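Below you'll find the structure, written out as C-alpha cells, and then a few comments.
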Amino acid sequence: QVQLVESGGGLVQAGGSLRLSCAASGRTSSTNTMGWFRQAPGKEREFVTAISRSAGTIRYRASVKGRFTISSDNAKNTVSLQMNSLTPEDTAVYYCAARAGTMVLTVESGYTYWGQGTQVTVSS
C-alpha cells in the first residue's frame, strides 16, 4: 500500500504564492508518477499537473502553465507544487495522486493512490 500526505495549503491573497508538498510512504515503487488534482466547490475534480519521476515527463493544465511548477525529490519520495500568481479561480482542495505507471495521465481514473487533500483559498 501507499500513503500520500499533503501539506502546505492555506489562505493567500490574489497574486500571492503557496507551496504544496506530498510525501509518499509504503510501497513507493508504485509511485512512479505523482501529481496534483484539485476540486473546487460544486465542480468536478480536475487535473493540475503531474510528473513521471523516472522519465522526468511533466504535464500541466493549460490554465496553470507558467504559474505552477511541479518538482520531485526522488530520494525523499516527495513531490512539490510551487504555485505563483494565484487567482481566486485557483481556490480548491488540492489532492496528491500517484500511479505505478510511468506515463503521465491527466484523468482521475488513471491514478491509484490519493491523499486526503489540502485546502487552498485565494482571496481577491
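Values in this document were obtained by computation on a predicted structure and should not be read as measured data.
- Between Tyr111 and Phe37, the distance separating the two ring centers is shorter than 6.0 angstrom.
- Taking the side chain as every heavy atom from C-beta outward, Tyr94 and Glu6 never approach each other to under 4.5 Å.
- Contact of the Leu4 side chain with the Met34 side chain is registered, since non-hydrogen atoms from C-beta on lie closer than 4.5 Å.
- For Leu18 against Leu86, the heavy-atom pair with the smallest separation is N-CD1, 3.8 Å.
- Contact check for Thr33 versus Ser52: side-chain heavy atoms found under the 4.5 Å cut-off.
- Distance check: Thr31 OG1 to Arg99 CZ gives 12.0 Å after rounding to the nearest 0.5 Å.
- No hydrogens or angles considered: nothing links the side chains of Thr91 and Glu89 as a donor-acceptor pair under 3.5 Å.
- Both Val104 and Trp114 belong to a common hydrophobic cluster when Ile, Leu, Val, Met, Phe, Trp and Tyr are linked at side-chain heavy-atom distances under 4.5 angstrom.
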Checklist entry - Where do Thr49 and Leu81 land on the side-chain contact (heavy atoms from CB on, under 4.5 Å) test, with the steps shown first? => result CA-CA 9 Å; Thr49 180; Leu81 180 62; 3.6 Å; yes
Next on the checklist: side-chain contact (heavy atoms from CB on, under 4.5 Å) for Arg59 and Thr106? Distances and angles first, verdict last.
Outcome noted: CA-CA 8 Å; Arg59 297 185 70 176; Thr106 61; 3.7 Å; yes
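- Within the 3.5 Å criterion, the main-chain N or O of Arg38 finds no donor-acceptor partner in the side chain of Arg45.
- The two residues Ser17 and Asn84 come nearest to each other via the heavy atoms OG-OD1, 2.9 Å.
- Residue-environment remark: CD (Glu46) exceeds the threshold of 12 foreign heavy atoms within 6.0 Å.
- Gln119 CD to Gln39 CD: the interatomic distance, rounded to the nearest 0.5 Å, is 11.0 Å.
- Val48 and Ile51 fall within a single hydrophobic cluster, where Ile, Leu, Val, Met, Phe, Trp and Tyr are joined by side-chain heavy atoms under 4.5 Å apart, directly or via other members.
- Separating the CG atom in Asn32 from the OG1 atom in Thr102 is a distance of 6.5 Å, to the nearest 0.5 Å.
- Side-chain contact annotation: Asn74 with Arg53, donor-acceptor N/O pair under 3.5 Å present.
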Next on the checklist: One pair to check against side-chain contact (heavy atoms from CB on, under 4.5 Å): Met83 and Arg19. What are the steps and the verdict?
Outcome noted: CA-CA 6 Å; Met83 304 185 294; Arg19 185 177 181 86; over 6 Å; no
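- In this structure, Ser63 OG and Arg61 CZ are separated by 5.0 Å, a value rounded to the nearest 0.5 Å.
- A chain of hydrophobic side-chain contacts below 4.5 Å, direct or via other Ile, Leu, Val, Met, Phe, Trp or Tyr residues, connects Leu20 to Val64.
- Between the side chain of Thr28 and the backbone N or O of Ser25 there is no donor-acceptor pair closer than 3.5 Å.
- Atoms OG and OH, on Ser30 and Tyr113 in that order, are 4.5 Å from each other to the nearest 0.5 Å.
- In the hydrophobic cluster analysis, where Ile, Leu, Val, Met, Phe, Trp and Tyr join through side-chain heavy atoms closer than 4.5 angstrom, Ile58 is grouped together with Phe68.
- No chain of hydrophobic side-chain contacts below 4.5 Å, direct or via other Ile, Leu, Val, Met, Phe, Trp or Tyr residues, connects Trp36 to Tyr95.
- When all heavy atoms of Pro88 and Ser123 are compared, the pair lying nearest together is CG-C, 4.5 Å.
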